[in-house]
Amino acid sequence: MVNNAGDQAAPGALEALRTLLNTWRIPNDTREAEDRFDAYAHEAGWSRSERREVLALRDELRRVVERGADADAVVNDWTIRLDVRPRVTGDAVGFVHRGGPAGDMVTAALDAIAAGRWHRLKACPDCRWVFYDHSRNGAKRWCLMTAGGPEGRSCGSIAKVRAHRQRARDAE
């Protein structure tokens, strides 16, 4: 069973995007949303305009991953906005852009879509931690079932206990 944070890592450049998406999170200890984007952007050395653009991209892509926004519309809009273009090199298709770090994140999303991996990037319905679903059938729902992940997450187990208790109450 997958039960550590490293096993949630996404392949290739998609991991950088997953990390960006997780700069907004709900920690287990406080259960109050916190935004760590400023520290992340500062560490990355981004300019003020790069920060604004990447933050807007992060927020829109979080809505996509949380299944609250249309992925096609969001990614197409950002592709146009950042002038992302395909580039053929040998037997491979890559992307070029003039969009700085936001462009890098959009190209990571485009690569994942082209490789059929995008749908495996998911947000836990409980803590909203973004994880990459490595399961065979791609049907994983929660970040983790056991407390072995980031900060002891075990959202799947907690959700199942809640459901069991509710069924027991309903049966009374």
Side-chain angles (χ1 to χ4, degrees), residues 2-26 34-125 127-144 148-151 153:
V2 174
N3 67 358
N4 67 49
D7 290 338
Q8 293 185 10
L14 191 56
E15 177 58 16
L17 180 55
R18 188 185 76 84
T19 300
L20 170 68
L21 295 175
N22 280 326
T23 59
W24 184 96
R25 63 199 199 111
I26 300 175
E34 69 181 30
D35 195 330
R36 294 184 174 183
F37 178 79
D38 287 336
Y40 177 79
H42 177 75
E43 187 175 311
W46 295 336
S47 70
R48 201 172 292 217
S49 64
E50 288 173 329
R51 288 177 190 209
R52 277 192 304 272
E53 194 161 56
V54 174
L55 180 59
L57 175 64
R58 182 206 66 181
D59 292 346
E60 287 191 46
L61 288 179
R62 275 202 68 89
R63 282 192 291 281
V64 167
V65 170
E66 292 176 358
R67 310 300 189 247
D70 177 28
D72 295 352
V74 170
V75 174
N76 285 328
D77 177 55
W78 278 96
T79 299
I80 293 165
R81 187 185 309 186
L82 299 174
D83 194 29
V84 178
R85 299 186 181 268
R87 166 99 16 142
V88 176
T89 307
D91 290 339
V93 175
F95 300 96
V96 294
H97 62 84
R98 287 181 258 139
D104 293 340
M105 297 298 175
V106 170
T107 61
L110 290 169
D111 286 337
I113 292 166
R117 292 189 199 119
W118 179 255
H119 71 281
R120 289 182 174 268
L121 200 61
K122 300 177 179 181
C124 178
C127 70
R128 296 172 68 189
W129 181 261
V130 175
F131 62 94
Y132 185 82
D133 182 356
H134 288 278
S135 68
R136 182 179 295 204
N137 65 0
K140 189 173 175 186
R141 182 168 176 199
W142 296 285
C143 59
L144 289 172
E151 299 170 14
R153 296 184 192 286

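The figures here come from the full heavy-atom set of this structure, side chains too, leaving out hydrogens, waters and symmetry mates.
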Which atom of [X] lies closest to which atom of [Y], heavy atoms considered:
| X | Y | value |
| --- | --- | --- |
| A102 | V54 | N-CG2, 3.6 Å |
| P101 | E50 | CD-OE2, 3.4 Å |
| V65 | A123 | CG1-N, 3.5 Å |

Using only atom types and a distance under 3.5 Å, with no angle test, would you say the side chain of H134 pairs donor to acceptor with the backbone of A9?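 Pair found, side chain donor or acceptor close to backbone of A9.
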Pairs touching residues 37-93 that satisfy ring-ring contact (aromatic ring centres under 6.0 Å, His included), sequence neighbours left out: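 Of all non-adjacent pairs touching residues 37-93, those that pass ring-ring contact (aromatic ring centres under 6.0 Å, His included) are Y40-W46.
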Please list, chain by chain and in numerical order, all residues satisfying side chain to side chain donor-acceptor pair (under 3.5 Å) with [X], sequence neighbours excluded.
| X | value |
| --- | --- |
| D70 | none |
| S49 | S47 |
| R58 | T23, D35 |
| T107 | none |

Gap between atom [atom2] of [Y] and atom [atom1] of [X] - 0.5 Å precision:
| X | Y | atom1 | atom2 | answer |
| --- | --- | --- | --- | --- |
| R128 | N22 | CZ | CG | 11.5 Å |
| L21 | M105 | CG | CE | 8.5 Å |
| L55 | E60 | CG | CD | 10.5 Å |
| L20 | R18 | CG | CZ | 11.5 Å |
| L57 | L82 | CG | CG | 7.5 Å |

Taking side chain as C-beta onward, heavy atoms only, is E66 less than 4.5 Å from V130?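 Sidechains of V130 and E66: no contact.
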In a table with atom names and distances, give each donor-acceptor pair under 3.5 Å that connects a side chain of residues 108-119 to protein atoms at least two apart or in another chain.
residue: H119; atom: ND1; partner: G116; partner atom: O; Å: 3.2

Would you please name every residue forming a salt bridge (Lys or Arg N to Asp or Glu O under 4.0 Å) with [X], sequence neighbours left out?
| X | answer |
| --- | --- |
| R120 | none |
| R51 | none |
| R98 | D83 |

Listed by chain and number, what are the side-chain contact (heavy atoms from CB on, under 4.5 Å) partners of [X], not counting sequence neighbours?
| X | answer |
| --- | --- |
| E34 | R25, P27, R36 |
| R67 | K122 |
| D77 | R81 |

More than 12 non-hydrogen atoms from neighbouring residues, nucleotides or ligands closer than 6.0 Å to CG on N137, yes or no?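 Result for CG/N137: enclosed.
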